[in-house]
Amino acid sequence: MKYDFKTIEPKWQKKWEDAGVFRAEDESKKPKFYALVEFPYPSGAGMHVGHIKAYSGLDVVSHKRRMQGYNVLFPMGFDSFGLPAENYAIKTNTHPHVITTKNVDHFKDQMKKIGFGFDWSREISTSLPDYYKWTQWIFLKMFEHGLVFRAKTLVNYCPHCKVVLSNEDSQGGKCDVCHSDVIQLPKDVWYLKITAYADKLLEGLDEVDYPDSIKQQQITWIGRSTGAFVDFTLDGTDEKLEIYTTRCDTLYGVTFMVMAPEHPTLDKYKDKIKNWAEVEAYRAECAKKTEFERTQLVKDKTGVKLDGLCAVNPVNGKKIPIFIADYVMMGYGTGAIMAVPAHDQRDYEFAKKFGVDIIQVIEGGDIEKEAYTGDGRMINSDFLNQYDNKKDSIAAMLEYLGEKGIGKKGVQYKMKDWAFNRQRYWGEPIPLVHCPKCGTVGVPYEELPLVLPEVENFEPGTDGQSPLARIDSFVNCKCPKCGGDAKRETDTMPQWAGSSWYFLRFIDPHNDRAFADPDKLKYWMPVDWYNGGMEHVTRHLLYSRFWHRFLYDIGEVNTKEPYAKRSYQGLILGPDGNKMSKSAGNVIDPLDIVEKYGADTLRTYVLFMGDYTAAAPWNDDSVKGCRRFLERVAGLTDIMTAKTEDGKIESLLHKTIKKVGDDIEAMKYNTAIAALMTLINEFGKAGSITKFDVETFIKLLSPFAPHLTEEMWESLGNKTMLAKTPWPEYDEAKTVDSTVEIGVQFNGKSRGTVVIPADADKDAAVAAVKESGKFTAQLDGKTIVKEIYVPGRILNLIVK
RNA sequence: GCCGGAGUGGCGAAAUUGGCAGACGCCCGGGACUUAAAAUCCCGUGGGACCCAAAUCCCGUACCGGUUCGAGCCCGGUUUCCGGCACCA
């Protein structure tokens with residue numbers, strides 16, 4: 001058969017669509033399989049080869065499962081709200097909706113040309129009102145359940161994008177969108193209380209099948225620690241200064257306290273603090289520092305000792321000095337610490353610099369050189385005389401603190417609440433109303449969706465206001481509660497909102513009475529397999545697990561966790577081995593490859609490149625190699641005969657069925673394709689092969705190269721589409737050879753091979769080696785003192 | 001610094017988890033076909049020792065050491081690279 005991919009590919013894409021082969025059935029007796037890939041943000045640049053790799057992986061699994069009789073849901077949609085479209089809109093003065101629609105069409109066209117088996121009848125787009133109606137609905141439910149709150153706090157603010165960013169969006173002190181330095185600004189912010197779900201998000205990890213690296217990243221990000229809150233007193237006042245510590249067993253070693261420069265309690269006692277001017281100067285200095293300076297240049301500790309104010313250690317009544325220093329953060333714990341220089345390296349460095357006492361209270365290490373942060377017996381206090389020596393000292397101290405009423409057990413998380421508003425246009429309007437009488441009131445559910453109004457100017461206001469604030473008809477409204485004059489919230493939701501629940505909407509995308517029908521949810525959830533990029537593992541994965549768990553808690557969904565299994569794909573690097581980027585000029589356009597070699601080649605190549613989870617550079621020559629492979633496949637029909645072959649091909653065929661099936665499930669696509677290449681090489685050597693051989697081969701290859709294989713399948717006279725044909729089964733007995741070639745070793749060194757019956761015992765194997773005549777050099781004049789035989793693998797003879 | 005992962009030919013990589021290291025593909029070399037080139041097909045291809053070949057032997061999975069009949073895989077140490085977190089009390 002001639003391999004004319006330019007005709008074949010569009011032909012089958014149309015046939016699949018017309019026949020609805022990839023459409024999932026809602027009412028089905030078949031076992032379900034919900035495969036999910038991260039829906040893209042429809043950027044103007046179109047699809048990236050990275051998308052192709054991410055989608056091809058589960059497309060292959062979906063094809064196979066479909067052939068195995070599963071009812072497969074493999075949907076696709078678009079995460080279409082977001083900054084790039086808005087920035088482009090500002091530049092070109094085009095409505096983001098227009099741009100987005102254009103980009104979505106472009107993406108869809110590209111995806112169809114690659115032949116992905118998506119169920120397009122379920123397409124969604126997060127920026128359409130019938131979708132974001134439900135994003136707003138879920139938000140209102142959270143508001144109702146007290147998970148939405150407003151607070152004036154120091155926030156991460158990007159001066160370039162003019163928006164407040166969540167912690168997750170400003171990792172490393174850089175804006176996730178434009179990479180400029182993020183600054184800290186006091187602002188009114190809407191928060192989603194994700195911290196209330198910290199423990200549930202941690203526990204949920206136990207019941208899902210995620211790679212350890214992903215679980216570990218989530219655990220690190222949540223950053224749970226257990227410790228104690230302890231009250232210190234400000235000397236000469238009734239003021240309790242609460243601190244958080246994970247090492248309350250070191251309380252006797254406290255020689256000073258440190259407060260974050262922004263700590264509000266300071267202002268209460270500015271009359272007592274004689275060097276207040278110095279404090280204010282230090283505060284100003286810290287506020288100027290960028291995140292980078294505060295976290296990266298950590299070698300040198302700075303701080304100011306408060307003059308006129310000191311604290312009292314509650315366990316021994318000692319008076320200790322108080323410092324303010326920026327190594328203590330306002331955003332973690334209580335913003336104040338007890339400093340134990342003998343047992344904390346940061347406190348140690350600070351104490352050395354400022355000449356504070358260092359008192360060792362835990363045995364171990366050498367505190368002349370550095371802090372000892374390990375565990376150990378308590379020393380230099382009579383604490384343990386009062387308490388059971390056998391008891392863990394932290395537990396003993398906690399008990400003591402409780403009895404005295406000066407402290408209690410506590411838990412802290414590094415994860416912060418989710419800053420949920422953006423002063424931007426192209427996002428879901430936050431459905432809240434500010435009423436002077438009733439306070440903040442939710443928009444009534446029946447008024448959803450709260451539609452994003454048309455504006456003429458998308459530029460954010462210079463005062464940090466959303467463009468929506470300039471539209472009086474939107475802003476001015478009646479309070480849903482009292483009917484009086486009120487004003488709408490004008491901020492919009494962040495990029496991550498729409499993607500936090502999209503997998504639920506795919507289940508029932510056109511429902512206008514609920515985000516999805518409960519029975520359908522019950523049938524399809526959870527997502528059986530979710531694949532995506534490693535870059536979404538802390539943000540999107542955590543956010544969507546949080547939303548889903550909330551919906552579970554209020555009885556809207558039936559599973560605690562949204563994704564039963566998560567996997568990830570490795571990056572495709574440019575041909576030069578660097579990350580692909582426009583500026584480096586090493587970007588590969590997938591559609592160029594489709595044009596030149598065909599979609600089947602592209603799909604096969606991205607999966608054959610190497611380990612699916614590892615980063616690998618693009619190589620044009622290797623693409624040609626995959627193309628050559630498919631050419632040879634197309635030629636298979638020419639060497640086909642009616643004759644039945646000897647057992648050799650049959651055995652290899654069954655082994656290959658097993659291997660390809662197993663490898664696809666393990667995402668070892670590269671070795672699955674390699675096995676098919678080996679098989680076709682053997683076909684070539686055999687000279688003649690049967691129709692059955694070819695048909696089996698075609699079925700195995702079809703998930704990777706669906707167009708070519710459908711065409712061949714049809715040309716072989718089959719009336720049913722290949723995509724609807726059962727996946728081949730293998731006969732275990734036929735995967736086992738009657739004879740095997742085993743390695744022969746002498747004293748552990750390989751010296752050759754010998755062919756023996758597969759069921760040969762040790763004596764038979766040794767006899768075969770002796771009789772082969774190949775090992776006389778090793779055997780003559782020697783005695784065998786030991787024989788190690790691993791059937792089917794190796795015979796190791798120890799000779800003297 | 002802490003957590004996770006990796007280091008195998010000229011290149012991308014395999015190795016059924018302790019059993020013949022380098023499957024499969026690329027590159028490269030040789031040959032066939034062709035007026036020629038491209039395409040295609042066949043053969044070879046980790047390094048080294050002997051003039052060629054066969055045969056044989058030696059070396060070889062980042063480095064040093066260990067366990068074992070046997071180590072790419074297990075253990076101890078070193079080192080480099082990638083990803084994540086990072087003054088988190």
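In what follows, every chain begins at residue 1, and chains take the letters A, B, ... in the order their sequences are listed. Source: prediction; values computed, not measured.
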**Q.** Test side-chain hydrogen bond (donor to acceptor under 3.5 Å, both in side chains) applied to A:Asn796 - qualifying residues, sequence neighbours left out
**A.** none
Q | Syn-anti status, with the boundary at 90° from 0, for the nucleotide B:G60 | A | anti
Q.
Quick check: on RNA chain B, is the nucleotide nearest A:Asp621 upstream (toward 5') of the one nearest A:Asp347, or the reverse? Name the residue that is more 5'.
A. A:Asp621
(Q) Of the listed nucleotides (B:A89, B:C69, B:G4), which one gets closest to any side-chain atom of A:Gln216? (A) B:G4
Q: State the syn/anti category of B:U8 according to its glycosidic angle, syn meaning within 90° of 0.
A: anti
Q. Say you pick atom C1' in B:C81 and the same atom in B:U8; how far apart are they, in whole Å?
A. 15 Å
(Q) Applying the Watson-Crick and G-U wobble criteria at under 3.5 Å, what pairs with B:U79? Answer none if nothing qualifies. (A) B:G7
Q | Pair partner, B:A49 [Watson-Crick or wobble, under 3.5 Å] | A | B:U56
Q: Using both distances under 3.5 Å as the test, list the Watson-Crick or G-U wobble partner of B:G1, or none.
A: B:C85
Q. Using a cut-off of less than 4.0 Å, is there contact between a side-chain N or O of A:Tyr332 and OP1 or OP2 of B:A89?
A. yes
Q) Say you pick atom P in B:C43 and the same atom in B:C26; how far apart are they, in whole Å? A) 14 Å
Q | Pairing of A:Arg627 and A:Glu631 as salt bridge, 4.0 angstrom limit | A | yes
(Q) Can you confirm if the NZ or CZ of A:Lys53 lies within 45° of the ring axis of A:Tyr612 and under 6.0 Å from the centre of its six-membered ring? (A) yes
Q.
Say we look at B:A71 and B:C59: how far apart would their P atoms be, to the nearest angstrom?
A. 13 Å
Q | Which nucleotide in B:C87, B:G84, B:C24 has an atom nearest any side-chain atom of A:Gln217 | A | B:G84
Q.
In whole Å, measure the gap between the P atoms of B:U79 and B:C63 for me.
A. 15 Å
Q: For B:A55 versus B:A37, give the span between their P atoms, rounded off to a whole number of Å.
A: 34 Å
Q.
Please encode protein proximity along nucleotides 8-20 of chain B as a string of B, S and -, counting only heavy-atom distances under 4.0 Å.
A. ----BSSSB--BB
Q: State, without any angle test, whether A:Asp763 and A:Tyr789 hold a side-chain donor-acceptor pair at a distance under 3.5 Å.
A: no
**Q.** Nucleotide paired to B:G12 in any strand shown, Watson-Crick or G-U, under 3.5 Å
**A.** B:C24
Q.
Between A:Asp662 and A:Lys659, does any side-chain N to carboxylate O distance fall below 4.0 Å?
A. no
Q) Atom CZ of A:Phe704 and atom OG1 of A:Thr604: how far apart are they, to the nearest 0.5 Å? A) 8.0 Å
Q) How is A:Met534 classified with respect to the nucleic acid when contacts are heavy atoms under 4.0 Å: base, sugar-phosphate, or nothing? A) nothing
Q: Let me know, please, whether A:Gln412 or A:Lys786 comes out on the 5' side of the other along RNA chain B by nearest nucleotide.
A: A:Lys786
Q.
Using a heavy-atom cut-off of 4.0 Å across all strands, would you classify A:Asn681 as base, sugar-phosphate, or nothing?
A. sugar-phosphate
**Q.** Ion pair check, A:Lys352 and A:Glu370, cut-off under 4.0 Å
**A.** no
Q.
Give me the distance, rounded to whole Å, that separates B:C51 from B:U67 when you measure between the C1' atoms they each carry.
A. 45 Å
Polar atoms only, N or O, under 3.5 Å: list the protein pairs with nucleotides 40-43 of chain B and their distances.
none

Q) Reckon A:Gly625 touches a base, only the sugar-phosphate, or nothing at all at heavy-atom distances under 4.0 Å? A) sugar-phosphate
Q: Report yes if a side-chain nitrogen or oxygen of A:Lys749 is closer than 4.0 Å to either non-bridging phosphate oxygen (OP1 or OP2) of B:C59; otherwise report no.
A: yes
**Q.** P-based separation of B:G22 from B:G76 [nearest Å]
**A.** 29 Å
